[in-house]
2 protein chains.
Amino acid sequence: MGDTADGLQPVPEPSLDEQIAVYQREFQDLDPQVEKVVSALSRLNRRMNVAYGRQTAALGISNAEWEVLKALVISGAPYRMGPSELAKQLGLTPAAMTHRIDRMTAEGLVTRERDESNRVRVIVELTAGGRSKWLDAMRAATIFEEDLLQDLSTEERGVLGDMLTRLLDRVEDLQSRN
Amino acid sequence: MGDTADGLQPVPEPSLDEQIAVYQREFQDLDPQVEKVVSALSRLNRRMNVAYGRQTAALGISNAEWEVLKALVISGAPYRMGPSELAKQLGLTPAAMTHRIDRMTAEGLVTRERDESNRVRVIVELTAGGRSKWLDAMRAATIFEEDLLQDLSTEERGVLGDMLTRLLDRVEDLQSRN
DNA sequence: TCTGAAGACTTCACAGCTAAAGTTCGACGC
DNA sequence: GCGTCGAACTTTAGCTGTGAAGTCTTCAGA
């Protein structure tokens with residue numbers, strides 16, 4: 001018996017267009033143009049996360065930890081944020097944030113201390129080591145990202161960034177009105 | 001003392017451009033155009049997953065389960081796949097797939113049986129109920145997706161789909177060569 | 001000053017994933 | 001035939017996340 005043992009084909013991974021063609025057969029009122037955009041977005045993101053994951057793993061941190069480092073750097077000097085603030089930005093529950101900060105503190109990437117001027121609050125602060133890890137990850141990431149966009153001209157990059165920003169505004173708008 | 005208790009601002013969520021501006025201060029050789037594209041992609045995807053999650057939750061299934069239903073439908077009639085095939089497509093380990101199939105079998109979304117022609121293999125098959133859930137989720141999803149893209153003209157949608165597809169091809173190429 | 005309410009974080013119980021070891025079956029060489 | 005290898009799935013242990021309850025602190029009003 002050959003490759004296809006009756007019920008199960010190998011199916012390595014259907015191409016985007018194949019996938020959409022099947023969807024159209026199964027679900028008539030589907031706009032293939034819309035579906036192509038959202039399917040590509042979703043696949044692209046999964047692939048990119050895999051790529052980032054490999055890079056951060058090579059640096060001895062996890063993708064999750066890199067997210068925290070990024071948020072702290074983005075907050076600007078002196079690189080301090082509260083756990084719930086971090087949690088909100090990363091889309092996590094405060095409980096998960098507590099655990100992540102535990103781990104990152106143990107690894108020396110951040111410090112955690114009580115805010116003495118308001119003892120309910122906790123201040124998470126980036127350490128020099130954490131900042132240096134961020135830099136390393138950033139260098140690797142930008143190389144990958146430049147590589148990813150290499151086939152797009154400068155104009156195309158601008159157009160793409162603009163359209164994605166508009167989608168982002170739109171989805172934030174949709175979500176704020178519940 | 002006002003809003004800003006020394007070290008901690010409220011910072012609801014920095015806009016994309018604010019974020020990139022800070023990045024540029026902290027990391028000189030950053031191409032803001034590239035960064036805008038990748039940051040928008042990442043944020044957009046997170047928001048979209050939240051939206052999908054709400055919709056599938058309203059139907060009584062999880063996002064994870066919806067992914068499985070989609071893969072089975074995409075495989076075409078008779079909607080059968082092996083666990084490891086599914087795992088590969090969804091980017092999961094076989095172990096995770098086993099658990100998901102356990103749950104989905106218990107919920108009547110799929111059936112699991114041994115392939116009698118090759119008793120090492122297992123066949124996961126979509127049930128009528130599972131197919132109907134897929135349809136419900138699909139209806140909700142297309143409404144949301146159409147809504148999301150509403151500000152883009154038909155031409156723009158085409159251009160966006162095309163550019164994203166090129167990025168996808170590129171990232172797959174980068175990953176296949178390890 | 002005391003009390004109640006609200007906010008910020010942590011703790012607890014549990015769900016879902018990964019990595020690695022285990023099980024079962026089929027294929028191949030002797 | 002028989003033993004071994006390899007493939008496909010499952011099982012187990014441990015990690016990371018969620019939701020809900022708990023603790024500690026601050027603030028406003030009696």
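Every chain is numbered from 1, with letters handed out A, B, ... down the list of sequences.
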For [X] and [N], give me the distance from atom [atom1] to atom [atom2], rounded to whole Å.
X        : N      : atom1 : atom2 : result
B/Arg100 : C/dC17 : CZ    : C1'   : 9 Å
A/Glu116 : D/dT26 : CD    : C1'   : 14 Å
A/Asp102 : D/dT16 : CG    : C1'   : 12 Å
A/Met104 : D/dG17 : CE    : P     : 11 Å
A/Arg121 : C/dT10 : CZ    : P     : 13 Å
A/Arg112 : C/dC9  : CZ    : P     : 10 Å
A/Met97  : C/dG7  : CE    : P     : 21 Å
B/Ile101 : D/dA8  : CD1   : P     : 14 Å

Nucleotide nearest [X] (side chain, heavy atoms from C-beta), chosen from [options]:
X        : options                : value
A/Thr98  : C/dT18, D/dG17, C/dC9  : C/dC9
B/Pro83  : D/dC9, C/dC17, C/dA20  : D/dC9
B/Val120 : D/dT11, D/dG17, C/dG26 : C/dG26
A/Ala96  : D/dT18, C/dA19, D/dC9  : D/dT18
B/Ser84  : D/dC9, D/dT18, C/dC9   : D/dC9
B/Thr93  : D/dG17, C/dT18, D/dG19 : C/dT18
A/Asn118 : D/dG19, C/dC9, D/dT26  : D/dT26
A/Ala95  : C/dC12, D/dA8, C/dC9   : C/dC12
A/Arg119 : D/dG19, C/dT18, D/dT26 : D/dT26

- prompt: How long is the gap from CG on B/Leu168 to CZ on B/Arg170, to the nearest 0.5 Å?
  reply: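 So the gap between those two atoms works out to 12.5 Å.
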field: Atom pair CG (B/Leu160) and CG (A/Asp162), whose distance is rounded to the nearest 0.5 Å
entry: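 Output value for this atom pair is 10.5 Å.
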query: Using 4.0 Å as the upper bound for N to carboxylate O, is an ion pair formed by B/Glu85 and B/Lys88?
result: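 Not counted as a salt bridge, because no side-chain N and carboxylate O are separated by less than 4.0 Å.
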query: Is the shortest distance from a Lys or Arg side-chain nitrogen in A/Arg139 or A/Glu146 to a carboxylate oxygen in the other one below 4.0 Å?
result: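 So A/Arg139 does not pair with A/Glu146 through a salt bridge.
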- request: Would you tell me if any nitrogen or oxygen in the side chain of B/Arg103 comes within less than 4.0 Å of OP1 or OP2 on C/dC17?
  value: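 Yes, B/Arg103 has a side-chain N/O under 4.0 Å of OP1/OP2 on C/dC17.
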- request: Check whether any side-chain nitrogen or oxygen of A/Arg114 sits under 4.0 Å from OP1 or OP2 of D/dT25, and answer yes or no.
  value: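 No.
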- prompt: Hey, which of B/Glu35, B/Arg43, B/Gln24 is the one that makes side-chain hydrogen bond (donor to acceptor under 3.5 Å, both in side chains) with B/Gln19?
  reply: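 The passing option is B/Arg43.
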